[in-house]
Protein chains: 2
Amino acid sequence: MPNQSDDVAKPAQKPTSDEAVADAISLAIHEHRLAPGTKLGEEELSDVFGVSRTVVRAALQSLAHLHLVDIHRNRGAFVAKPSLRMAREVFEARELLEPRTARAAAEKAKSADIDVLKRHISDEHAAVEVGDQGRAVRLSGQFHIEIARIADQLTVADFIEGLIARSSLIIALYWRRESALCESFAHHALVEAIAEGDGQKAEELMRSHLVDLHSALDLRDRTAAPMTLKDALIP
Amino acid sequence: MPNQSDDVAKPAQKPTSDEAVADAISLAIHEHRLAPGTKLGEEELSDVFGVSRTVVRAALQSLAHLHLVDIHRNRGAFVAKPSLRMAREVFEARELLEPRTARAAAEKAKSADIDVLKRHISDEHAAVEVGDQGRAVRLSGQFHIEIARIADQLTVADFIEGLIARSSLIIALYWRRESALCESFAHHALVEAIAEGDGQKAEELMRSHLVDLHSALDLRDRTAAPMTLKDALIP
DNA sequence: TTACACATGATTGTATACAATGCAAATCCA
DNA sequence: TGGATTTGCATTGTATACAATCATGTGTAA
C-alpha cells in the first residue's frame, strides 16, 4: 500500500525546511507533548532539528502568526498559553464561522469528500480506542478543517484552521476530564447530514456540537476571587 | 500640539526593525504606491531601508502571512494580486464578520471611542478633499479596524484587520471609477448608530455598507470570454 | 529560422559570526 | 542583614558570507 493515509493527504509539494520545523513543533503542541508556557530556545531547536537558527527563527515566527507560540522581544519564544478570555473568544469565533461553513459543505460535498470524512472519523475512533488522546484531539480538529476545505472557501477555511490550532491548546489547558463525552457521535451525525446534502441540518448540528465542546471546557473565571495570598491561602 | 494625530494613535512600544520595514511596505501597498505584482527584491529592499536581508526577509514573511505579498520559493516576493475569487471571498467574509462586530461595538462603545471614530471620519474627509485617494482608502479601512477594536473581541478583530488589508489591494485592482460614491456618509451614519448604542441599527448599516462596497467593485468574471489572443484582439 | 542545450548572472536559501539585550547571581554599601 | 548596583553569562537580534536555485542569453545543430 504505497499511498495509504496514515494522516491527511499530503498536498504534494516538498515542504521547505522551515515549514518542516514549524510542522514538527506544531504537531508536538497539538498532541500536548509541549505544554503551554514551554520555552522554545532557538539554539536548542536548531540542535534538535539539525538546522541553523535562521530556519528555526522563521518557523517560530510562522507559528507566532498562528498564535501557537508567543514571542517576547529579546526573551524568546514560548508555547502560547491562551487566557480564559482568548479561550472564550476562540470558541465564539468558531461558533460564528463554522455552522455556516458546515452548511456550505453540505451543499457542495462530493462523494469522495464524504469518504474522506468517514475515514477521519474511523481514524479518530481508533485513536480513542488505543487511548492516544493527543492524536484523537488532533484528528478531531482535522475533521473540522476538512469540512472547511469541502466548503471551498479558502479565506474562511484559513481562519478556521487557525482557530482549531488554538483550540487544541485551549483544550490542553481547560479541558475538564469529567465530561469526557466522546464526540465521535456528533461528528458521525454531521457526516450523515452532509452526505444527505441537508445544509440546514448540518448547520444546526455543527452549532450544537460547538456549544457542547465549549461547555465541556472549564472557562469559569477563577482569577477574581483570590486577589491576595492571604485570601488564597487562609480558608 | 505635541501629540496630534496625523495617523492613528501609536500603541506605544518601539517597533522592532522588521516590523518597521513590514509597516513601511504595508503602507506603500495600502496607498497603492506599490502595484499588485510588483517584485520585492530582498537586496533592493535592504538597500532602501538600510538593514540587512535578514530583517527584510522577516518582514516579507510577515506580510505573506497577511496575504499582502506572495512568496514563491526560490523566486522571491511579489505584491499579492488577489484573484476574482479571493476578492469575492474576502468581501463575503467581511459581510459575515463585521455586521455582528458593529453591533457589539455599539453596545460597548464609550464616549472616547466615539470621538476617535469621528476624528477618523474627518481625517478621511480631508484626504478626499485633497484628492489623496490612497490615504483615503487606508483611513477608511482603519475606521473599520477601529470599530473592531471597540467591539473588544481581539480574535475577530485580528481577522477583520487582515481582511481589510486585503480589501485595499482588491480595491486597487477591481475598483470601477464610475461608482465613486463617497462612503463617508455611510461611516457617518454608522457612528451615529454606535453613539446611540443602537446595536441593531449599527449591524444593519454595516451590512448594507459592505454590500455597497462590494457592488462598487467590478467582480464580474472576465476570464471566461477571451480564451485566445485572437478573440481578445480582433473585435 | 527554430528549437534545444548549456553557460552565466542574478537572486534566494542557509549557515555562521558578531553585537545587543535581558536575566541572575555576586558584590558592595548602608 | 537588606537592598541596590554591577558584572557575567546566556540568549536573542542583526549582519555577512557561502551554497543552491532559477532566469536569461548565447551558441550550435537540425
Side-chain angles (χ1 to χ4, degrees), chain A residues 10-29 34-81 229, chain B residues 10-29 34-81 228-230:
Chain A
K10 311 285 196 317
Q13 181 79 16
K14 178 194 313 183
T16 67
S17 49
D18 54 352
E19 285 175 49
V21 172
D23 285 349
I25 298 173
S26 171
L27 191 64
I29 294 176
L34 284 174
T38 304
K39 171 76 184 286
L40 300 171
E42 296 180 357
E43 181 101 29
E44 192 177 349
L45 290 172
S46 65
D47 286 345
V48 170
F49 291 107
V51 295
S52 73
R53 277 182 51 216
T54 308
V55 4
V56 170
R57 278 176 75 83
L60 289 175
Q61 290 194 343
S62 183
L63 293 173
H65 278 285
L66 299 174
H67 301 276
L68 282 180
V69 314
D70 289 335
I71 294 180
H72 297 93
R73 185 180 164 85
N74 283 322
R75 303 204 332 150
F78 304 81
V79 178
K81 193 186 290 191
L229 276 180
Chain B
K10 310 284 193 322
Q13 180 80 14
K14 180 194 307 184
T16 68
S17 46
D18 54 351
E19 285 177 57
V21 171
D23 285 349
I25 298 173
S26 170
L27 192 63
I29 294 176
L34 284 174
T38 304
K39 171 76 184 288
L40 299 171
E42 296 180 356
E43 179 103 30
E44 192 177 347
L45 289 172
S46 65
D47 287 345
V48 168
F49 291 108
V51 295
S52 74
R53 274 181 53 217
T54 308
V55 3
V56 169
R57 277 176 76 82
L60 289 175
Q61 290 193 343
S62 182
L63 293 173
H65 279 286
L66 300 174
H67 300 276
L68 282 181
V69 313
D70 289 335
I71 294 180
H72 297 93
R73 185 176 165 85
N74 283 321
R75 303 203 330 134
F78 304 81
V79 178
K81 193 187 289 191
T228 68
L229 276 179
K230 175 171 164 292

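As the structure is a prediction and not an experimental result, all values here were calculated from the model. Order of the sequence lines sets the chain letters (A, B, ...), proteins ahead of strands, with each chain counted from 1.
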K.L.:
Rounded to the nearest Å, what distance is computed from the NE2 atom of residue His72(A) to the P atom of nucleotide dA20(C)?
P.N.:
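In whole Å, dA20(C) P lies 24 Å from His72(A) NE2.
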
K.L.:
Return the value, rounded to whole Å, for the distance between atom CD of Glu19(B) and atom P of dG13(D).
P.N.:
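Answer to the nearest Å: 11 Å.
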
K.L.:
Does anything in residues 55-71 of chain B reach DNA chain D, meaning a heavy atom under 4.0 Å, and if so which residues?
P.N.:
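Only Val55(B) qualify.
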
K.L.:
Would you mind reading off the distance between Arg53(A) atom CZ and dT16(D) atom C1', rounded to a whole angstrom?
P.N.:
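To the nearest whole Å, that distance equals 14 Å.
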
K.L.:
Once you round it to whole Å, what is the distance between C1' of dG13(C) and CD of Glu43(B)?
P.N.:
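Result: 14 Å.
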
K.L.:
Can you figure out which of dT12(C), dT14(C), dA15(D) approaches the side chain of Glu42(B) most closely?
P.N.:
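Within the option list, the nearest is dT12(C).
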
K.L.:
With a 4.5 Å limit on heavy-atom distance, are the side chains of Leu40(B) and Leu63(B) in contact?
P.N.:
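The answer is no; the side chains never approach within 4.5 Å.
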
K.L.:
Has Arg75(A) got a side-chain N or O lying under 4.0 Å from the OP1 or OP2 atom of dT21(C)?
P.N.:
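For dT21(C), OP1/OP2 do not have a side-chain N/O of Arg75(A) under 4.0 Å.
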
K.L.:
Rounded to the Å, how far apart are Asn74(A) CG and dT12(D) C1'?
P.N.:
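Between C1' of dT12(D) and CG of Asn74(A): 6 Å.
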
K.L.:
Respond yes when some side-chain nitrogen or oxygen of Ser52(B) is under 4.0 Å from OP1 or OP2 of dA15(D), and no when none is.
P.N.:
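So the side-chain polar atoms of Ser52(B) do come within 4.0 Å of the phosphate oxygens OP1 or OP2 of dA15(D), strictly under.
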
K.L.:
Kindly say if Lys39(A) contacts the phosphate of dT12(D), meaning a side-chain N or O under 4.0 Å from OP1 or OP2.
P.N.:
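So the side chain of Lys39(A) is within the cut-off, an N or O lying under 4.0 Å from OP1 or OP2 of dT12(D).
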
K.L.:
How far does CG of Leu60(B) sit from CG of Asp70(B), to the nearest 0.5 angstrom?
P.N.:
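It comes to 11.5 Å.
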
K.L.:
Between Val69(A) and Ile29(A), is any pair of side-chain heavy atoms under 4.5 Å apart?
P.N.:
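Val69(A) reaches Ile29(A) side chain to side chain.
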
K.L.:
Just the rounded figure in Å: distance from P of dT11(D) to CD of Glu44(A).
P.N.:
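From Glu44(A) CD to dT11(D) P: 9 Å.
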
K.L.:
Go nucleotide by nucleotide along DNA chain D from the 5' end; which of Thr54(A) and Ala77(A) gets its closest nucleotide reached first?
P.N.:
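In this pair, the answer is Ala77(A).
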
K.L.:
Under 3.5 Å, which protein N or O atoms sit close to an N or O of nucleotides 6-8 of chain D? Give each pair with its distance.
P.N.:
none

K.L.:
Atom CG of Asp47(B) and atom C1' of dA10(C): how far apart are they, to the nearest Å?
P.N.:
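Distance check: Asp47(B) CG to dA10(C) C1' gives 14 Å.
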
